[in-house]
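Lettering follows sequence order; numbering is per chain, from 1.
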There are 2 protein chains.
Amino acid sequence: MISQTEENYLKALWNLTSTKGEASVNELSKQLDIKMPTVNSMMKRLAEKGLVNYESYKPLKLTDKGKKLAALIIRKHRLTEMYLVEKMGFGWEEVHDIAEQIEHIQSPAFFEKMDELLGYPKIDPHGSPIPDKNGKVETEQYIRYIKLSDCKEGDTVTFMAVSHSSDELLKFLNSRDLALGSKIKVKSIEPFDESMTVSYASRKAEMLSNKVCDKLLVRPV
Amino acid sequence: MISQTEENYLKALWNLTSTKGEASVNELSKQLDIKMPTVNSMMKRLAEKGLVNYESYKPLKLTDKGKKLAALIIRKHRLTEMYLVEKMGFGWEEVHDIAEQIEHIQSPAFFEKMDELLGYPKIDPHGSPIPDKNGKVETEQYIRYIKLSDCKEGDTVTFMAVSHSSDELLKFLNSRDLALGSKIKVKSIEPFDESMTVSYASRKAEMLSNKVCDKLLVRPV
DNA sequence: GTAATAAGTTAGATGATTCTAACAAAATCA
DNA sequence: TGATTTTGTTAGAATCATCTAACTTATTAC
Ligand SMILES: [Mn+2]
Ligand SMILES: [Mn+2]
Ligand SMILES: [Mn+2]
Ligand SMILES: [Mn+2]
């Protein structure tokens, strides 16, 4: 009914529209590394299938049906990442590319079993919420997270999630023993480049660039 | 490099050629439920890639390269089936369709991890040998297996594998508590239809049709 | 050993997914 | 406001994977 390719477009659009509610053909093109004319015709196709609202020269939006379908693919992606980390012993920096493929497996029983073996987790290994079986996402807490880069000197926060994590960032965090759940205290902020010196666990003083702090989502303690 | 579609052709050809060493376009067409002209042009394509020996009107053969590649896909299929049964709690009748999809995942680390978690199994849940990382298959024992239907009254044998298992057969075996490893004694054979009455474990007298006995591979005790 | 049947091949078409080139509309700059 | 740049669209082509129709070669039946 819906191809692997179409699923990837839907998922990318879901991710892009999660904040602003809409996205441009250009953004989607860059996200997927697929040329604009290709994206354009795919959007028309998904509009035919009732998954996307497409009007010439207007921003793209997912329909309710499209949102739900996308969320169910994201669900499979995040459940898989959690399974790979919790049950197979992979590091959080290794799982995204595998999940990118396994998310397309057609077998409700397979993901049902994963969910069950994991004890119905609510978040993935990077702290992102796992949509439920109806495609509903628990945003309540998640939207309250703030960036570490928006914290002030003296703040103490809990490290809750990594946003748009790349392998490199996750490996960097590994090298500094900075894991989800860590209590981070902002010791000082360098005015010149906004880099932070923070302490957490056994680390007394670690310097984190603004580029890093911008990706770390935290919750005030 | 090689598509999911091409992988499925290779695998089907590997299975068909395992006995006779060669197969016809017609057989492959039936196996895959794809029309002959389609199969014909795919064989030319795989020949271009050095995976199949194709000559007009001659039987199809895999090249050494094709054999190895096919065996490595079969390896992924069988490791997956074993993982699903041993680590996720699926029944042996549920895993083939899921493995049919997961066998195409491109991630050496993923299958490496499965193999490790399973303790480097030599056979899959249906008793078929799992090719090693070089595509070599341990046929030594496997080729010595005989069909239960070829046994005589009074023979006692061990149930080692199911050949070309369908869901239905596996569910039937479940319903009779007939599992791999069972010691089966042939009590009598009905001359009219060659159905067997056998005993094993706590089952004193079970009737098995010739069609069933033909699929059960056993080893004399 | 011909006639009928089965198997294999060629040709041409279709839908999916991608591209480049060219053009049109919208947004930004001056 | 008019010129320039960016974004979006249309047109046309390529590759992959599939099909049907028509033809050819091989096998089987009488
Ligand atoms: Mn991911
Ligand atoms: Mn994907
Ligand atoms: Mn199987
Ligand atoms: Mn397959």
Side-chain angles (χ1 to χ4, degrees), chain A residues 1-17 19-62 66 69-70 73 100-101 103-104 106, chain B residues 1-17 19-62 66 69-70 73 100-101 103-104 106:
Chain A
M1 247 293 292
I2 179 165
S3 74
Q4 193 152 320
T5 306
E6 289 168 332
E7 287 193 343
N8 283 333
Y9 278 88
L10 270 190
K11 199 160 62 86
L13 193 48
W14 192 86
N15 280 323
L16 282 176
T17 54
T19 37
K20 302 156 291 177
E22 50 185 49
S24 66
V25 171
N26 193 243
E27 288 169 313
L28 194 47
S29 166
K30 279 169 184 153
Q31 179 78 27
L32 291 164
D33 194 24
I34 287 172
K35 297 287 180 292
M36 279 205 288
T38 309
V39 172
N40 193 273
S41 47
M42 181 58 92
M43 288 307 103
K44 286 177 172 176
R45 176 130 60 93
L46 293 180
E48 285 299 311
K49 295 191 178 188
L51 301 168
V52 167
N53 281 320
Y54 174 84
E55 285 180 88
S56 283
Y57 299 105
K58 297 255 178 71
L60 303 165
K61 282 180 197 148
L62 285 167
L69 198 41
I73 304 162
E100 200 62 48
Q101 299 177 67
E103 68 191 359
H104 304 293
Q106 300 297 322
Chain B
M1 249 290 291
I2 179 163
S3 73
Q4 193 152 321
T5 306
E6 289 167 333
E7 288 193 344
N8 284 333
Y9 278 88
L10 270 189
K11 198 160 61 85
L13 193 49
W14 191 88
N15 281 323
L16 281 177
T17 54
T19 37
K20 300 155 291 175
E22 49 185 49
S24 66
V25 171
N26 193 243
E27 286 168 313
L28 195 47
S29 165
K30 278 169 185 153
Q31 179 77 28
L32 291 164
D33 195 24
I34 287 174
K35 296 289 179 290
M36 279 204 289
T38 309
V39 172
N40 193 275
S41 45
M42 180 60 91
M43 287 308 102
K44 286 176 172 177
R45 176 129 59 91
L46 292 181
E48 285 297 311
K49 296 192 177 189
L51 301 168
V52 167
N53 281 322
Y54 175 85
E55 286 180 86
S56 282
Y57 300 104
K58 296 255 178 70
L60 303 165
K61 283 181 195 145
L62 285 167
L69 197 41
I73 304 162
E100 200 60 48
Q101 299 177 66
E103 69 192 359
H104 305 291
Q106 299 298 320

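- Atoms CD1 (B:I34) and P (D:dT20) sit 12 Å apart, rounded to a whole Å.
- Judged by closest nucleotide on DNA chain C, B:S56 is the one of B:S56 and A:T5 placed further toward the 5' end.
- Remark: A:S3 is not in phosphate contact with C:dA16, judged by side-chain N or O atoms under 4.0 Å from OP1 or OP2.
- In the displayed structure, A:K58 atom NZ is contacted under 6.0 Å by at most 12 heavy atoms of other residues, nucleotides or ligands.
- Of the possible donor and acceptor atoms, one in the side chain of B:K49 sits under 3.5 Å from a partner among the backbone N and O of B:M1.
- One can place CG of B:L32 at 10 Å from P of D:dC19, the figure rounded to the nearest angstrom.
- Put simply, the side chain of B:S29 gets close to the backbone of B:I34: a donor and an acceptor are under 3.5 Å apart.
- With respect to A:L13, the side chain to side chain contact (heavy atoms under 4.5 Å, CB included) criterion is satisfied by exactly one of A:N8, A:V39, A:L46, A:L28: A:L28.
- Going from atom CE of B:M36 over to atom P of D:dT24 covers 16 Å, rounded to whole Å.
- Contact between the side-chain N/O atoms of A:R45 and the OP1/OP2 oxygens of C:dG15 is not found at any separation under 4.0 Å.
- Between A:T38 and the phosphate of C:dT17, there is no side-chain N or O to OP1/OP2 separation shorter than 4.0 Å.
- Looking at heavy-atom distances under 4.0 Å, B:K44 makes contact with sugar-phosphate atoms alone, never a base.
- For D:dT6, neither phosphate oxygen OP1 nor OP2 lies less than 4.0 angstrom from any side-chain nitrogen or oxygen of A:Y57.
- Applying the 4.0 Å criterion to OP1 and OP2 of C:dG8, one finds that B:K35 has every side-chain N and O outside that range.
- Residue B:Y54 contributes atom OH, which lies 11 Å from atom C1' of C:dA7 at whole-angstrom precision.
- Atom-to-atom, NZ of A:K58 to C1' of C:dA27 comes out at 16 Å; the value is rounded to the nearest Å.
- Rounded to an integer number of Å, the gap from B:Y9 OH to D:dA17 C1' is 7 Å.
- Atom CD in B:E6 sits about 14 Å away from atom C1' in D:dT18, given to the nearest Å.
- Between A:P37 and B:S24, the residue whose closest nucleotide on DNA chain C is further toward the 5' end is B:S24.
- Going from atom CG of A:L46 over to atom C1' of C:dT17 covers 12 Å, rounded to whole Å.
- At least one side-chain heavy atom of B:I2 sits under 4.5 Å from a side-chain heavy atom of B:L51.
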